[in-house]
Every structure is written in C-alpha cells, then in structure tokens.
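All remarks here apply to the structure that follows.
Note that these values count all heavy atoms, side chains included, but never hydrogens, waters or copies made by symmetry. Bear in mind that the values here come from a model prediction, so they are computed numbers and not experimental data.
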There are 2 protein chains.
Amino acid sequence: MKTYSISEVAKELNLTVYTLRYYDKEGLLPFVERTASGTRAFKESDIDALKVIECLKATGMPIKEIKNFIDWCSEGDSTLRQRFDMFMERKATVESQLEELNKTMELIKHKCWYYKTALDAGTEDIHKNDKIEIPIN
Amino acid sequence: MKTYSISEVAKELNLTVYTLRYYDKEGLLPFVERTASGTRAFKESDIDALKVIECLKATGMPIKEIKNFIDWCSEGDSTLRQRFDMFMERKATVESQLEELNKTMELIKHKCWYYKTALDAGTEDIHKNDKIEIPIN
DNA sequence: TTAAACCTTATAGTTAACTCTAGGTCAATA
DNA sequence: TATTGACCTAGAGTTAACTATAAGGTTTAA
C-alpha cells in the first residue's frame, strides 16, 4: 500500500511539516504509522482524516476539541452519538457563520458603493447628509 | 450632543472595555474625544465607525491594517482611491471566504448524514465500502 | 464627606496555533 | 566511504489579540 512522507502530505494539504508534527504532538494523528526507523508513513486514509481535521478547523473548532473527536473515533461505535451530535452542532455553527459573513458582505458592498461615488465626485462631502441605509444589527 | 461612556459602548457592541482601550492604544480610535478629566466620550458617529472596524475584523483583517484605513480616513479626500481599493479587495476576500465556508458546510452535512445512518444501524461498519462521494478539493 | 462605582494609564500575563532551532538518525548517492 | 538531505524529538520562541492588575483620579448619592 502506497504511503506518503510528511513533506508530501504537507505539500498536498498546503500545510507545513511543522504544523503536521504539531498536530501529531497534540494527539490529532494517532492513526499515522511509522517505519522501523521512526519516520511517519501517511496512508491515503490518513490524508482523508486530515481533510476532516482541516474542515473542523475551518469551522473555528479549537484543536483541543478536534482531539476529542479523534479520541471518539478511536473508541469505536460506542461514541457514534457524540460524533453525530458534534457534527450537528458544527452545522449550526457554520450556518450562523454564513449568516454573519453575509451581513459583513452587505456592509462591505455598501462601502464599495460609498467610495466609488465619492471617488467619482472627487470628495467624500457628497455623502455629508446621507441617511443611514444599512443598519448593521 | 449625547455621548456614551466606554462601558456603555462595550455593552452595545458586545466588546469589553479592555478591548476598546486596546483598540484606542493601537490607534483605531483617534476620533474619540475626552472630557476635561480625561474620560472618553463616544459620539454616535464613533459607534458607527466602530461597527465598520468590527466589520473589517469579521473579514479577517488584522488590526494593523485596519489602522491604515483609519489613518487614511483622517487624511481626507486624497486617500479616497486607497480606501475604495481596500474595500474592493475586502469584497473579493469575503467572496472567497463564503465559497470556502460553503464547501466546509457540504462536508459537515455529509458527516451528519454519515453519522445519522451509522447511528441508525448501530455501527459505523455500514459505511465500510463507501466510495468517496464528496472530494474536498 | 465618604463610599461606591465609575473612569484613567502603564504594564504584565494569557492563550492558541504555530514556527523554529539544536542536536541527532538514517538512507541513498558521488 | 563520506556527504547530502530528509526525517526525528524536545523544547524554545513568536505573534496577535486580547485580558488582567495595580495604582490612582473623578463623580455621584446618602
């Protein structure tokens, strides 16, 4: 079965070898096997697991919580409920992050318009008596 | 004209007084005036500016770059181009963040389904010979 | 007039997530 | 066989963004 070195995995996932070793040290990669001389040999499935770790990180989950999930995975079927609940909670988190980011986008677009018109007029004074059109909250 | 104390502003914007003083120290709030005894007196327009600062923070912009923007604001119409360009760049950033977060959501949803079916079956083995349906990249 | 509840500054401490260094092992090649 | 380069660990250093503490000033209500 083909395996990959730490630098190959780092390149593939746009991480550094430092980061991967750090993840391992934090207990995120207990499944990665070693050669006789101690070198990490990543399997295809390990790379898939790392993609899930990166996904959880992208939701803002701290590494210590990701470790809990990894531990549950090692414990087998008895933790299926926890893992299901965790992903449902992540789903809710990402939903509200998307909502927040869309609100942010609205204000940014407003500012793009504001500065485009000001730039065309040569001065910001053109907006001197604007009413507030986009309440932020 | 009505003004607000630092703790009133903190409450309104869901920040701490520590954070607001930190922002001030970092040069993000040069427009906030003081009473004779040195206490900060926030105007309505200062709160609006803070909302813009929070918006930029929500796009992942570091405080030092937000400071550049604040400095440009103080310099007047000669910096309109920079400010316009900055918001256009932020728009592109948020667009790709939204894209990324939507991809993340897809994987999370897949995992919700994966664990729901496993939970119903009582074992993860039900997915033993699944093909990969959602390539992450 | 004094105590509580604010405010101030300067400075130190915290936390997460890396990021790097030092000192060493190992396998392949000139 | 000597050297190059990729790997290893332990532990130190970095950075951003807070977060807290100490020591003191001001305002307000009893």
Side-chain angles (χ1 to χ4, degrees), chain A residues 2-43 46-47 50-70 90 93 97 100 104, chain B residues 2-43 46-47 50-70 90 93 97 100 104:
Chain A
K2 182 156 180 19
T3 63
Y4 303 85
S5 74
I6 195 166
S7 61
E8 285 170 329
V9 175
K11 181 174 262 183
E12 166 109 1
L13 299 180
N14 269 301
L15 299 168
T16 67
V17 296
Y18 299 138
T19 301
L20 286 170
R21 291 202 191 105
Y22 168 68
Y23 286 178
D24 199 4
K25 198 163 13 177
E26 294 300 304
L28 263 44
L29 311 176
F31 42 77
V32 175
E33 288 172 12
R34 305 287 186 119
T35 66
S37 62
T39 296
R40 292 174 188 85
F42 291 78
K43 300 178 293 298
D46 298 344
I47 295 176
L50 267 162
K51 284 176 183 172
V52 174
I53 288 169
E54 287 306 286
C55 170
L56 290 172
K57 241 188 359 138
T59 73
M61 187 178 252
I63 275 161
K64 278 178 186 169
E65 275 174 54
I66 298 176
K67 186 189 175 335
N68 292 340
F69 166 68
I70 298 293
R90 279 301 100 189
T93 302
Q97 285 171 347
E100 191 59 35
T104 296
Chain B
K2 183 159 180 17
T3 62
Y4 303 86
S5 74
I6 196 167
S7 60
E8 285 170 329
V9 175
K11 181 174 262 184
E12 165 109 1
L13 300 181
N14 269 302
L15 298 168
T16 67
V17 295
Y18 298 138
T19 302
L20 285 170
R21 291 202 191 103
Y22 169 68
Y23 286 179
D24 198 4
K25 196 165 13 179
E26 294 301 306
L28 263 45
L29 312 176
F31 42 77
V32 175
E33 288 171 12
R34 304 290 185 117
T35 66
S37 62
T39 297
R40 290 173 189 85
F42 290 79
K43 300 179 290 300
D46 297 345
I47 295 177
L50 267 162
K51 285 176 183 172
V52 175
I53 288 170
E54 288 306 287
C55 170
L56 290 172
K57 241 189 359 140
T59 73
M61 187 178 252
I63 276 162
K64 278 178 186 169
E65 275 175 54
I66 299 176
K67 186 187 174 341
N68 292 339
F69 166 67
I70 297 294
R90 279 300 100 188
T93 302
Q97 285 170 348
E100 190 60 35
T104 296

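- Interatomic distance, B:L28 CG to B:K57 NZ, rounded to the nearest 0.5 Å: 9.5 Å.
- Of the inter-residue distances, the one linking A:I47 atom CD1 with A:T3 atom OG1 reads 9.5 Å to the nearest 0.5 angstrom.
- Remark: B:Y22 OH to B:T16 OG1 distance equals 11.5 Å, nearest 0.5 Å.
- Looking only at distances, no side-chain donor or acceptor of A:E26 sits under 3.5 Å from a matching main-chain atom of A:K67.
- Non-hydrogen atoms lying under 4.0 Å from DNA chain C are contributed by nothing in residues 57-70 of chain B.
- Using a 4.0 Å cut-off on heavy atoms, the residues of residues 15-31 of chain A that approach DNA chain C are A:Y18, A:T19, A:Y22, A:Y23, listed by number.
- Two residues are said to be in side-chain contact when any heavy atoms from C-beta on lie closer than 4.5 Å; A:L20 and A:V9 meet this criterion.
- A distance of 12.0 Å separates CZ in A:F69 from CZ in A:R90, rounded to the nearest 0.5 Å.
- Here the range on DNA chain D touched by chain A, meaning any atom under 4.0 Å from one of its heavy atoms, is D:dC7 to D:dG11.
- The side chain to side chain contact (heavy atoms under 4.5 Å, CB included) search around B:E8 returns B:Y4, B:S5, not counting sequence neighbours.
- We find the CD-OG1 distance between A:E54 and B:T104 to be 10.0 Å, quoted to the nearest 0.5 Å.
- Residues passing the side-chain hydrogen bond (donor to acceptor under 3.5 Å, both in side chains) test with B:T39: none are found, sequence neighbours excluded.
- Partner A:M61 forms a side-chain contact (heavy atoms from CB on, under 4.5 Å) with one of A:I53, A:I66, A:T93 and no other, that one being A:I66.
- B:T19 OG1 to B:L13 CG: the interatomic distance, rounded to the nearest 0.5 Å, is 11.0 Å.
- Ion pairing of B:D46 with B:K43 is present here, as a side-chain N (NZ or NE/NH1/NH2) and a carboxylate O approach within less than 4.0 Å.
- DNA chain D lies under 4.0 Å from at least one heavy atom of each of the following residues of residues 4-11 of chain A: A:S5, A:I6, A:S7.
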